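See structure below.
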There are 2 protein chains.
Amino acid sequence: MSTFCKFETALEILVGKWKPVILLRLFSNGTMRFSELQKAIPDITKKMLTQQLRELEYHDIVHREIYRQIPPKVEYSITEYGKGMATILQALNDWGVAHIEHLNELYGTNHSVEAHRSDAMDK
Amino acid sequence: MSTFCKFETALEILVGKWKPVILLRLFSNGTMRFSELQKAIPDITKKMLTQQLRELEYHDIVHREIYRQIPPKVEYSITEYGKGMATILQALNDWGVAHIEHLNELYGTNHSVEAHRSDAMDK
DNA sequence: CGGGATCCAGGCTGATACTG
DNA sequence: CAGTATCAGCCTGGATCCCG
């Protein structure tokens, strides 16, 4: 509605259970092959990895380089445009870390952030 | 895993279909009653509004002031701590706006960001 | 008025199997 | 190796009804 609301768009790019982790790997490791990403993120399935990578690619955050050969080889990297996200990502991360601190002060150390979304709260 | 990954935590607070809109309203209007929020966000159900407000409350972003009277009255506002989010929210928003621009340049004006998540892409 | 409790549908996620 | 296809389960979000 209002223009301010557009920050939902920013979130669209980051949501999806695995996007943060994927971006982390690519930001710190630079170019990575599909299989390297799989190894780096053991719990992710091929399907999810592919899917999230495609979304990031569509948003021009991640570049996909295909080498037509046998066996196939595909490399992923952060685009120049994507690198512009680093600042925000870092800010978001810093705030997240500080926020965990804040929650610790409020509720003590034995809390789980994840457990406190929606209906899990009142149990 | 790594400390950098904690920015997922930041996202936890923002995700949920309605949190951005709710925060927007509270940031711009200041203190609001439950019913005012409902009117301001016509499409949201009570359940969702309550649920999202409770999560924001747990995270100390939103304050809930209850007036024990008949009829009941409950007011919501951004906490002092919550106001510290304004910067990040603004940054996120600015990036989101710019990103829409970027996507327009890439794909033209007739695209839908929302339609390009997950499986909707390849249709 | 401001919720809580239930029930239900759809989408996202995950596991598995198959392909170029 | 790097995916695609299919199917199943869960969880989020929505609708409705009830309560103090």
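Since the model is a prediction, treat every value here as computed from it, not as a measurement. Naming convention: chains lettered A, B, ... in sequence-line order (proteins, then strands); numbering from 1 in each chain. Just so you know, these numbers use all the heavy atoms, side chains as well, and skip hydrogens, waters and symmetry mates.
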ask   = Contacts to DNA chain C from residues 33-41 of chain B, heavy-atom cutoff under 4.0 Å, which residues?
value = B/Arg33, B/Phe34, B/Ser35
remark   = Separation between CG (A/Leu23) and OG (A/Ser28), nearest 0.5 Å, reads 10.0 Å
request  = Would you mind reading off the distance between B/Gln51 atom CD and D/dT12 atom P, rounded to a whole angstrom?
outcome  = 8 Å
query = How many Å lie between CG on A/Leu53 and P on D/dT4, as a whole number?
reply = 11 Å
Non-hydrogen side-chain atoms of B/Leu11 and A/Val15 separated by less than 4.5 Å = no
ask   = Are A/Leu56 and A/Tyr76 close enough that some pair of their side-chain heavy atoms sits under 4.5 Å apart?
value = no
note = A/Arg54 atom CZ is separated from D/dG3 atom C1', nearest whole Å, by 7 Å
key: B/Glu75 CD to C/dG2 P, straight-line distance once rounded to whole Å   = 9 Å
What N/O pairs connect the protein and nucleotides 14-20 of chain C at under 3.5 Å? Give each pair on its own line.
from   : atom 1 : to      : atom 2 : distance (Å)
C/dG14 : OP1    : A/Lys17 : NZ     : 2.7
C/dG14 : OP2    : A/Trp18 : NE1    : 2.9
C/dG14 : N7     : A/Lys47 : NZ     : 3.2
C/dG14 : O6     : A/Lys47 : NZ     : 2.3

message = Taking the six-membered ring for Trp, are A/His63 and A/Tyr81 closer than 6.0 Å centroid to centroid?
response = no
request  = Mind checking B/Tyr76 for me? I need base, sugar-phosphate or nothing, with any heavy atom below 4.0 Å counting as a touch.
outcome  = sugar-phosphate
request  = Round to a whole Å and report the spacing from CD1 of A/Ile70 to C1' of D/dA2.
outcome  = 11 Å
inquiry  = Rounded to whole Å, please give me the gap between CD in A/Glu55 and P in D/dG3.
reply    = 15 Å
message = Between P on C/dG2 and CZ on B/Arg64, what's the gap in Å once rounded to a whole number?
response = 11 Å
ask   = Side-chain N or O of B/Arg68 less than 4.0 angstrom from OP1 or OP2 on C/dC1?
value = no
query = So, is B/Gln52 close to the D/dG13 phosphate, meaning a side-chain N or O under 4.0 Å from OP1 or OP2?
reply = yes
query = Hey, what do you get for CD1 (B/Ile44) to CD (B/Gln51), rounding to the nearest 0.5 Å?
reply = 9.5 Å
ask   = Is the closest side-chain donor-acceptor distance between A/Glu75 and A/Tyr67 under 3.5 Å?
value = yes
inquiry  = Salt bridge or not between A/Lys83 and A/Glu80? Use side-chain N to carboxylate O under 4.0 Å.
reply    = yes
request  = Please check if A/Ile70 and A/Val74 belong to a single hydrophobic cluster, counting links between Ile, Leu, Val, Met, Phe, Trp and Tyr side chain heavy atoms closer than 4.5 Å.
outcome  = no
task = Quickly work out the A/Glu57 CD to D/dA2 P distance and round it to whole Å.
result = 15 Å
